[in-house]
Engineer: 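Below are the C-alpha cells for one structure; questions will follow.
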There are 2 protein chains.
Amino acid sequence: MQKDGKKVRSIEVAELAQISRSTVSRALAGDARISEATRDRVLAAARQLGYRPNLIARGLKNQSTGIVGVVVTDLENAYHAHALQLLVEKLGAGRLAPLVFACNTVEGAENAIARLMSYQVDAVVALAAPFSDEIVKSCVAGEKPLVLMNRHDGDENVGVVAGDGLAAGAMVADHLVARGARRFAFLGGEDNSFISKERERGFTDRLVSHGFDLAVSLSSRYSYAEARVVAADILRAAPDAVFCANDTLAFALLDAARAADAPEGERPMVVGYDNSALAGWPSYDLTSVDQNLEAMTSRTVEAAFAMIAAPDAVAERQTIAPFLVERGSTSSRNSSRTR
Amino acid sequence: MQKDGKKVRSIEVAELAQISRSTVSRALAGDARISEATRDRVLAAARQLGYRPNLIARGLKNQSTGIVGVVVTDLENAYHAHALQLLVEKLGAGRLAPLVFACNTVEGAENAIARLMSYQVDAVVALAAPFSDEIVKSCVAGEKPLVLMNRHDGDENVGVVAGDGLAAGAMVADHLVARGARRFAFLGGEDNSFISKERERGFTDRLVSHGFDLAVSLSSRYSYAEARVVAADILRAAPDAVFCANDTLAFALLDAARAADAPEGERPMVVGYDNSALAGWPSYDLTSVDQNLEAMTSRTVEAAFAMIAAPDAVAERQTIAPFLVERGSTSSRNSSRTR
DNA sequence: ATGATCTATGCACACGTGTGCACAACCTAG
DNA sequence: CTAGGTTGTGCACACGTGTGCATAGATCAT
C-alpha cells in the first residue's frame, strides 16, 4: 500500500504486474478470458499500489458515469430530509452516486437541470420538487431517464413513484368516523397543490359514502407560523376532527387548539401526514399517515435502475400504499364531544 | 434550439460556425485572442444547438471536475439537514457540484471516501461526521483538500470550520445566572463527544467564575426516546437550570419535566443547542444557542474554494461565534424558584 | 505432421475536451 | 518590396479508461 500521494493509473498496475494495460482492465472487470494466474497477479498489484479506477475517465469512455442527479427543494422539511437520506443510502448501495442540487425558484430548477445534464448523469430523480414541468421537459429533451417521486405528472414517458393520497384520505375518514367524529375539516397546504388536493378528495369522498360531508376546508403554506393563523380559522368552525395535509400543519392546529384554552375533551381530533419523528413524541402524540418512505425510496431507486438498464422501455408508474399510525390525537378520550 | 435528443458536441458547434473546434473552446472560455466577430458566431451557434460542454470530458482533461464530495451522517437530525441544504446551495452558487454520501458506520465511511476519490472530486467537505479519523487519513493520503465542519481534529493540514462551543457554554452560564439560577445541570450527547464536552467545559468554567458549580452532568444518545430516560435522572437532582448539548435533548427534558407534573414555577429553566425550527414553536418556546449555520456553511465553502485554488497553502482553522436566542424556557416567569 | 480450434494477451482507437505550438493573414515601417 | 510585428486560427496531443480486432502460442483432430 505505497500511497505516495500521486494518482495511481492502470498503466502502473500493468507495469508492476508485467502485463499490458488492457489485461489489467479486463482482469478487474472479471473478464472470463483472463487466466486465473494473471488475474491474481493483477489484483495483487492493484491492491499493493492502492489503485482506484478513475471513474471520470471510465464515464467518458463508457458514456455512463454512474452518477444520478437528485433534485430537492426544501430540506428544512423533515420529510424531504428523510427521503433524501434514504435515497442517498439506497443509491449508494446500488453503486450509484447522487449529485444533489437544490432548487427553490424556477430559474434555479433550470440551472440545476443544466448542470446535471452537463455532468452526464445516468438518470435524474426529482424529489417532490416543484417546477417539475421544467424538469420533465429538459429530461425528455435530453433523453435522460427521470423518476418523479411523489409528483404526478402528464403523459410523458417518465417514471413516477407516488403515495396513494386517495387511499390515505379514505383511511383517515374511516378512522375518524369510527372514533365518533361528525363534523370534519381539512387543512391543506401550498396553494392547494395537487398532492394536497388528492388527499382531500380521498378524505371527502369517503366521508360522503359514510353519510357525512366536509364542513370546512382551508389551506396554508407549509410553514408553522402561517399555519397557526389558518388553524385558528378552522377552529372557529368548531370541527370534531381535522385532517391536515402535513404534520407541520397538524402541529400548528394542535397548538392553536391548546392556545384556545378549550377543555381537553372538546378539542378536535387531529390527523397529520408524513409521520415525522416529532409526531411520535408525547408532546404532540399525533395520529399521522405514514407514506412508507422506506418502500417509496426503494421503488424510486429500482425504477431509476430499470430505466438506466432499458432506456427505451415504457416507464412504469408505481403507487405506494400508505398506512395510518394511530396515536393519542385521535384517542377515545376525545370521543365524548359536544359539537 | 433544435434539440434532436442526441448529445451536442463542440465539433458540431464548430461545423455550424464554420470554424475549428479549438476556436469554439477558446471562444466559450473567453480567450482574448478570439476576435469579436467569431466569438459572436460561436455563441450564436452554441445557443442554436443548445450546446452544453461535457463536464466529464473537461474534468478528465483539466484534472479538475468541479465536484465536491460531501460526507454526512444523520440527515434525520434537523440540524444536519439544514446544514446540508445550505452547503448545497452555497456550493452550487460557486459553480461546484456536491456529490453526497452518507455514512453511519466506519466501513461506510471508508467506502464513501473511496467512491469520492474515484470520482476525482476537487475537495471533500465532512459535515459533522464521525469516523473523521478515517476521512482525514484518506484525504491526506490522496492529497485532496478537506474541510471539516464542526469537527475539530489533530494537526494534519486540513481546513476546520467550527462553532465556538466554549464561548457558547459561557454565554449560557451568564444568561442562566442572570436569570437567577443557582443549581445547574448539563445534559450531554453521544457518548460525551468532543463537541459535547467542549460545550460543557465552557459552561462549567464560567459557572465557576460566577462562584457556582455543576450539580449534575449526564449524557445520552441524540435520540428523543433515550434522552427522556436520562432526562428523568437529571430532574431527580432538582436543578434550577439545565443546559443541553442539543435541542432534541432539551425537548426531551422539557417533556420529562411536564410529565413529572411539577407546578410550572418549579420546573427548571432549559437551554438547548442548534436553535432548530421547533425551538421557536410555542409548544416548546426553547431558549437555544444558534450556531450561525449560515456563516458556518459560508466559511466552509470559502475554505473549500481556497484550498482548491491553493492546494499547498496552510489550511486555516476558523471559529464561528454562536449567539443565544432567548425564549420562554428561561423566562423570568420561572425565576421565583425554591431550589 | 499439418491445419483447425481455442486461449490469453497486446495494439490501437475512441470517448469529448483544453491548450502549446506553428502558421497564415494582415498591417506597419523602412 | 521586404522584414518584422500583431492577430486569429488550426493541428495535434494529452487526460485515463474500455474494447474490437489481430495474433502468438497451445491443444486437438485428422
Side-chain angles (χ1 to χ4, degrees), chain A residues 6-43 45-46 49-67 95 97 115 117-122 142-143, chain B residues 6-43 45-46 49-67 95 97 115 117-122 142-143:
Chain A
K6 292 322 291 172
K7 292 273 145 268
V8 180
R9 294 157 305 176
S10 67
I11 184 149
E12 278 138 2
V13 177
E15 285 166 1
L16 179 60
Q18 309 265 39
I19 221 70
S20 92
R21 204 176 51 73
S22 324
T23 305
V24 172
S25 172
R26 285 193 253 259
L28 295 179
D31 191 312
R33 300 177 310 175
I34 302 297
S35 74
E36 199 72 24
T38 51
R39 185 195 315 282
D40 289 347
R41 225 169 54 236
V42 169
L43 291 178
L49 296 176
Y51 171 68
R52 297 277 173 199
N54 183 328
L55 294 185
I56 296 298
R58 175 183 292 177
L60 177 60
K61 168 61 186 169
N62 286 357
Q63 305 285 58
S64 163
T65 54
I67 302 177
R95 317 303 300 168
R115 305 277 300 276
M117 305 290 264
S118 294
Y119 275 111
Q120 317 293 321
V121 296
D122 289 346
E143 290 188 342
Chain B
K6 291 322 293 172
K7 292 274 146 267
V8 181
R9 292 157 308 176
S10 67
I11 184 147
E12 278 138 2
V13 177
E15 285 166 0
L16 179 60
Q18 309 265 37
I19 220 72
S20 95
R21 205 177 50 74
S22 325
T23 305
V24 171
S25 172
R26 286 193 251 260
L28 295 179
D31 191 311
R33 300 176 310 176
I34 302 298
S35 73
E36 199 71 25
T38 51
R39 184 194 315 282
D40 290 347
R41 225 168 56 234
V42 169
L43 290 179
L49 295 176
Y51 171 68
R52 297 277 174 198
N54 182 329
L55 295 184
I56 296 298
R58 175 183 292 177
L60 178 58
K61 169 61 185 166
N62 286 357
Q63 304 286 58
S64 161
T65 54
I67 301 178
R95 317 303 300 167
R115 307 276 300 276
M117 305 290 263
S118 293
Y119 275 112
Q120 317 293 322
V121 297
D122 288 346
E143 290 189 341

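Chain letters run A, B, ... following the sequence lines, proteins first, then strands; residues in each count from 1. Just so you know, these numbers use all the heavy atoms, side chains as well, and skip hydrogens, waters and symmetry mates.
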Engineer: Grab the N/O contacts between the protein and nucleotides 20-23 of chain D below 3.5 Å, and write none if there aren't any.
Structural biologist:
unit_1  : atom_1 : unit_2 : atom_2 : d
dG20(D) : O6     : R26(A) : NH2    : 3.1

Engineer: Can you tell me how far C1' of dA14(C) sits from CD1 of I56(B), to the nearest Å?
Structural biologist: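 Checked: the CD1 to C1' distance equals 17 Å.
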Engineer: Considering heavy-atom distances to DNA chain D, does N62(B) or R41(B) have its closest nucleotide positioned more toward the 5' end?
Structural biologist: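 The residue closer to the strand's 5' end, by nearest nucleotide, is R41(B).
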Engineer: At their closest point, which heavy atom of M117(B) faces which heavy atom of G142(B), and how far apart are they?
Structural biologist: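 For M117(B) and G142(B), the tightest heavy-atom pair comes out as CE-CA, 3.4 Å.
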Engineer: What I'd like to find out is whether the side chain of R95(A) reaches to under 4.5 Å of the side chain of R115(B), using heavy atoms alone.
Structural biologist: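 The answer is yes, as the side chains (C-beta and beyond) meet within the 4.5 Å cut-off.
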Engineer: Within the 4.0 Å heavy-atom criterion, would you say S25(B) contacts the bases, only the backbone, or no part of the nucleic acid?
Structural biologist: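 Since a base atom lies under 4.0 Å of S25(B), the category is base.
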Engineer: Write down the distance between CD1 (I34(A)) and C1' (dG18(D)), rounded to a whole number of angstrom.
Structural biologist: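 Spelled out: CD1 on I34(A) to C1' on dG18(D) is 13 Å.
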Engineer: Quickly work out the L60(B) CG to dC15(C) P distance and round it to whole Å.
Structural biologist: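 From L60(B) CG to dC15(C) P: 14 Å.
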Engineer: So does T38(B) get a side-chain nitrogen or oxygen closer than 4.0 Å to the phosphate oxygens (OP1/OP2) of dG8(D)?
Structural biologist: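 Negative; the distance criterion is not met.
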Engineer: Rounding to a whole Å, what distance do you find between E36(B):CD and dT9(D):C1'?
Structural biologist: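 Answer to the nearest Å: 16 Å.
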Engineer: May I have the list of side-chain donor-acceptor pairs in residues 55-66 of chain B shorter than 3.5 Å, sequence neighbours left out?
Structural biologist:
unit_1 : atom_1 : unit_2  : atom_2 : d
S64(B) : OG     : D122(B) : OD2    : 3.1
T65(B) : OG1    : I67(B)  : N      : 3.2
T65(B) : OG1    : Q120(B) : O      : 2.9

Engineer: Identify, residue by residue, the members of residues 13-21 of chain B with a heavy atom below 4.0 Å from DNA chain D, and return them in order of residue number, or none.
Structural biologist: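 Residues of residues 13-21 of chain B that come under 4.0 Å of DNA chain D are, in numerical order, I19(B), S20(B), R21(B).
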Engineer: Determine the sole option in I11(A), I19(A), L43(A), I34(A) for which the side-chain contact (heavy atoms from CB on, under 4.5 Å) test with V24(A) is passed.
Structural biologist: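 Of all the options given, the one that passes is I19(A).
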Engineer: Are more than 12 heavy atoms, taken from residues, nucleotides or ligands other than R52(A), located less than 6.0 Å from that residue's CZ atom?
Structural biologist: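 No - once you tally the heavy atoms of other residues, nucleotides and ligands closer than 6.0 Å, there are 12 at most.
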Engineer: Check the phosphate of dG16(C) against Q63(A), side-chain N and O only, distance under 4.0 Å to OP1 or OP2. Yes or no?
Structural biologist: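 Indeed, a polar side-chain atom of Q63(A) lies that close.
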Engineer: If we ignore hydrogens and angles and just use 3.5 Å, is the side chain of R9(B) paired with the main-chain N or O of Y51(B) as donor and acceptor?
Structural biologist: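 Side chain of R9(B) to backbone of Y51(B): no pair is present.
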Engineer: How long is the line joining NZ of K61(A) and P of dA12(C), in whole Å?
Structural biologist: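 Spelled out: NZ on K61(A) to P on dA12(C) is 16 Å.
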Engineer: In this structure, how many angstroms lie between the C1' atom of dG18(C) and the CG atom of L28(B), rounded?
Structural biologist: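 Nearest whole value for this atom pair: 12 Å.
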Engineer: What's the spacing between L16(B) CG and R41(B) CZ if we round to 0.5 Å?
Structural biologist: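 Separation between the atoms: 9.5 Å.
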Engineer: Closer than 4.0 Å, any side-chain N/O of Y51(A) to the OP1 or OP2 of dG16(D)?
Structural biologist: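 For Y51(A), the contact criterion (side-chain N or O under 4.0 Å from OP1 or OP2 of dG16(D)) is not met.
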Engineer: Could you check whether T23(B) gets within reach of a base, just the sugar-phosphate, or nothing at all, counting any heavy atom under 4.0 Å?
Structural biologist: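 The residue T23(B) makes sugar-phosphate contact but no base contact.
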Engineer: Please find the pair of heavy atoms, one from V13(A) and one from A46(A), that lie closest to each other, and give the distance.
Structural biologist: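 So the minimum-distance heavy-atom pair works out to CG1-N, 3.8 Å.
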Engineer: Could you pull out the closest heavy-atom pair between R21(A) and S10(A), with the gap in Å?
Structural biologist: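 The answer is CG-OG, 3.2 Å.
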Engineer: From CG of D31(B) over to C1' of dG20(C), roughly how many Å is that when rounded to an integer?
Structural biologist: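 Computing the D31(B):CG to dG20(C):C1' distance gives 12 Å.
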Engineer: Report yes or no: do S35(B) and T38(B) form a side-chain donor-acceptor pair below 3.5 Å?
Structural biologist: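 There is such a pair between these side chains.
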Engineer: Nearest whole Å is fine: how far is dG16(D) C1' from N54(A) CG?
Structural biologist: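 Going from N54(A) (CG) to dG16(D) (C1'), I get 6 Å.
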Engineer: Does dT7(D) have its OP1 or OP2 closer than 4.0 Å to a side-chain nitrogen or oxygen of S35(B)?
Structural biologist: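 For dT7(D), OP1/OP2 do not have a side-chain N/O of S35(B) under 4.0 Å.
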